[in-house]
Amino acid sequence: MRHFFGFLVGLSFAGWAALTPAACAQTAPAPVAITVEVAKPQGPLPPVWAYFGYDEPNYTYMPDGQKLLTELAALSPTPVYVRAHNLLTSGDGSAALKWGSTNAYTEDKKGRPVYDWRIVDRIFDAYVSRGMKPIAQLGFMPEALSTHPQPYRHHWAPGQPYEQIYTGWAYPPKDYQKWGELVYQWVRHSVARYGEAEVKTWRWELWNEPDISYWKGTAAEYYQLYDYSEAAVHRALPAAILGGPETTDPRNEHAATYLRGFLDHCVSGKNYVTGQPGTRLDYLSFHAKGSPQVVDGHVRMNMGTQFDDIIAGFKIVASYPTLRRLPIIIGENDPEGCAACGVRTNPANAYRNGTLYASYTAAVYARLSELAAEYQVNLKGAVSWSFEFENQPWFAGFRDLATNGVDKPVLNVFRMLGMMRGPRVAVSNPTALTVPDIQAQAQAQSQRPDIGALATADDHSAAVLVWHYHNDALPAAPAEVALTLQGIAASQALLQHYRIDEDHSNAYAAWQALGSPQPPTPAQQAALAQAGQLALLTSPSWITTQNGQAVLHFTLPRQGVSLLRLSW
């Protein structure tokens, strides 16, 4: 495919070379005009991107996992939140795809609880020591508590039916009071180990995607589990923050019905513990996913379905007067639904290694705060379900941020977002796609590029994130951008221009240039690690403003992302 793309690009360049200067002048598109008004704030830009998650908690304390955690903690000026599955799953702590375990709960021969927090502590120590915050998931069901414990450990691999992962850990407890006591003991242990002030800043949640086979009980049994969990969490720490239900895509009527049913229960349903109406809920969570596919031999992304999920979820929350201002965390916010499914079993996942994943991510996250403001909801975070996978081939096509300790281009988008300061400021870009445009493209045969921008500013700096995204993974001409910044309160400003494209901040392209070695030599690994870091397009330079205005011209390749930072 790489050589095929090169062939297409070669044909394109040959065609361009045949044009006369006069023809070029007639056919060259006008620059994309983007105007940023530095002195016109549009509202806050909360760090909704500083949230990450993964299925395999035992990767947390492995060398590559610890390296990546350190990088994630460093990229954000505010604490990064981390969400992981399998924190109460029974087992010996061995890691595998879609699997993990801590063995936190077992029972002795008389059925009495035995608590062992050593593996859980090892995971949470890795977070807390870096200033990160857990989204501590109450799940999954320990083997000794499951109503259907066998089979318990699964051995799923990509290409096998996904239903194989749903084993004994997905069932309700045989004793809800024992479950509640397990939750109480975990929260109490956390307070004893990390201190009340620290644990009050965490987020606790119940389960994952109970509307599908992650939960083999009924909706009513999930409500019951939530009530026992809520009573236990707040008995151990009244100030603890607990949420749910982490349901799947709200554009789907089944998932939407499940989400509404849970919210109805929390507002006015009979509490299974107290017998009184309602249950305390501190924040809300649901998931949003895109849907890429292969069309005419190439990958076509589908960002519209992801925005359908986000908007549907926001509308559901906004329909509850007593809940609409509660914090929302989009518990998984991704281009599709299976991080551990690689390219070999699903060719549509070919977007994951290169710049397409990066430009898609920039285009999605840049719009989240504006959407939340439009629907008047309180969005706090959007979890990118992406981490790293141990003992896998280099660039195997999993949805991860790094491969074998080397950062992928997408991680540099989060680095860019972490460098933006101050509130959102006004951006005018007549050619940018609107969210309705993006939603409409989900069903359209023709696809338009999305060349857009997000900008922030404070008293002495401004930052503009610009992307050149397209749903289709096809070669295309770069865009010429004319970026005008107005309202700069200085006659000079220092410009730093960071870039993600085929030649910058791109370890995948560097690996391909080496011949795609499996594995790279130590010297090659060092070079790839450097190539994976966020890079400047040019050396920093001083620019002169006129009447507080500066105009910057640059070329942005298809699927490229730029961050332009000005300071004065």
Side-chain angles (χ1 to χ4, degrees), residues 50-63 65-70 72-74 76 78-95 100-108 112-142 144-145 177-208 228-244 280 282-283 329 381 383 387:
Y51 290 71
F52 301 92
Y54 47 104
D55 291 82
E56 303 86 359
N58 305 104
Y59 291 164
T60 303
Y61 44 77
M62 295 182 179
Q66 296 221 38
K67 177 180 181 293
L68 182 54
L69 286 177
T70 298
L72 294 179
S76 173
T78 59
V80 169
Y81 283 84
V82 187
R83 177 176 184 254
H85 294 337
N86 290 298
L87 292 176
L88 294 177
T89 306
S90 299
D92 61 4
S94 299
S101 59
T102 66
N103 223 41
Y105 180 93
T106 55
E107 293 180 354
D108 64 17
R112 294 174 298 197
V114 177
Y115 304 105
D116 185 346
W117 305 112
R118 286 176 293 180
I119 296 179
V120 172
D121 288 346
R122 194 174 179 189
I123 294 166
F124 280 29
D125 286 354
Y127 302 153
V128 175
S129 66
R130 291 168 170 81
M132 307 173 94
K133 307 294 182 182
I135 300 178
Q137 187 178 107
L138 306 173
F140 296 127
M141 193 59 61
L145 275 181
Q177 289 186 339
K178 282 188 174 181
W179 167 264
E181 186 62 20
L182 166 60
V183 172
Y184 170 78
Q185 292 293 337
W186 185 11
V187 178
R188 192 176 73 165
H189 169 80
S190 299
V191 170
R193 185 174 183 85
Y194 303 105
E196 181 176 332
E198 169 63 28
V199 180
K200 285 195 299 186
T201 66
W202 298 2
R203 305 291 182 264
W204 297 83
E205 66 170 7
L206 178 64
W207 224 257
N208 176 69
Y228 274 88
S229 302
E230 185 276 326
V233 166
H234 293 123
R235 177 164 63 97
L237 181 61
I241 301 170
L242 174 68
R280 175 175 165 181
D282 299 314
Y283 72 92
I329 295 176
V383 177
F387 190 56

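Residues: numbered from 1 along the sequence shown.
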Quick check: do [X] and [Y] have side-chain heavy atoms less than 4.5 Å from each other?
X: Tyr54; Y: Leu68; answer: no
X: Pro79; Y: Thr201; answer: no
X: Leu87; Y: Trp186; answer: yes
X: Arg193; Y: Phe124; answer: no
X: Thr60; Y: Val82; answer: no
X: Gln137; Y: Arg83; answer: yes
X: Tyr61; Y: Leu69; answer: no
X: Ser190; Y: Trp204; answer: yes

Has the side chain of [X] got a donor or acceptor atom that lies under 3.5 Å from a matching backbone atom of [Y]?
X: Asn58; Y: Ser101; answer: yes
X: His85; Y: Pro57; answer: no
X: Asn86; Y: Asp55; answer: yes
X: Asn103; Y: Gly91; answer: yes

For [X] and [Y], work out which heavy atoms get closest and say how close.
X: Leu237; Y: Val187; answer: CB-CG1, 4.0 Å
X: Tyr105; Y: Ala144; answer: CE2-CB, 4.0 Å
X: Pro142; Y: Ser90; answer: CA-OG, 3.4 Å
X: Leu182; Y: Leu145; answer: CD2-CD1, 4.3 Å
X: Val383; Y: Gly53; answer: CG1-N, 3.5 Å

**Request:** Just say parallel, tilted or perpendicular for the rings of Tyr51 and Tyr81, cut-offs at 30° and 60°.
**Result:** parallel
**Asked** Would you say the side chains of Glu181 and Gln185 form a donor-acceptor pair under 3.5 Å?
**Response** yes
From [X] atom [atom1] to [Y] atom [atom2], the distance as rounded to the nearest 0.5 Å:
X: Phe52; Y: Met132; atom1: CZ; atom2: CE; answer: 7.5 Å
X: Gln66; Y: Arg130; atom1: CD; atom2: CZ; answer: 4.5 Å
X: Trp117; Y: His189; atom1: CH2; atom2: NE2; answer: 7.0 Å
X: Leu88; Y: Trp179; atom1: CG; atom2: CH2; answer: 5.0 Å
X: Ile123; Y: Ile119; atom1: CD1; atom2: CD1; answer: 7.0 Å
X: His234; Y: Ser229; atom1: NE2; atom2: OG; answer: 11.0 Å

**Item:** Neighbour count above 12 (heavy atom, 6.0 Å) for Glu107 CD
**Value:** yes
**Request:** I would like to know whether Asp116 and Thr106 meet side-chain contact (heavy atoms from CB on, under 4.5 Å); could you show each step before the answer?
**Result:** CA-CA 8 Å; Asp116 185 346; Thr106 55; over 6 Å; no
**Prompt:** Are Tyr127 and Trp202 near enough that their ring centres are under 6.0 Å apart?
**Reply:** no
**Asked** What's the verdict on side-chain contact (heavy atoms from CB on, under 4.5 Å) for Trp207 and Met141, showing C-alpha distance, side-chain angles and the deciding distance?
**Response** CA-CA 9 Å; Trp207 224 257; Met141 193 59 61; 3.8 Å; yes
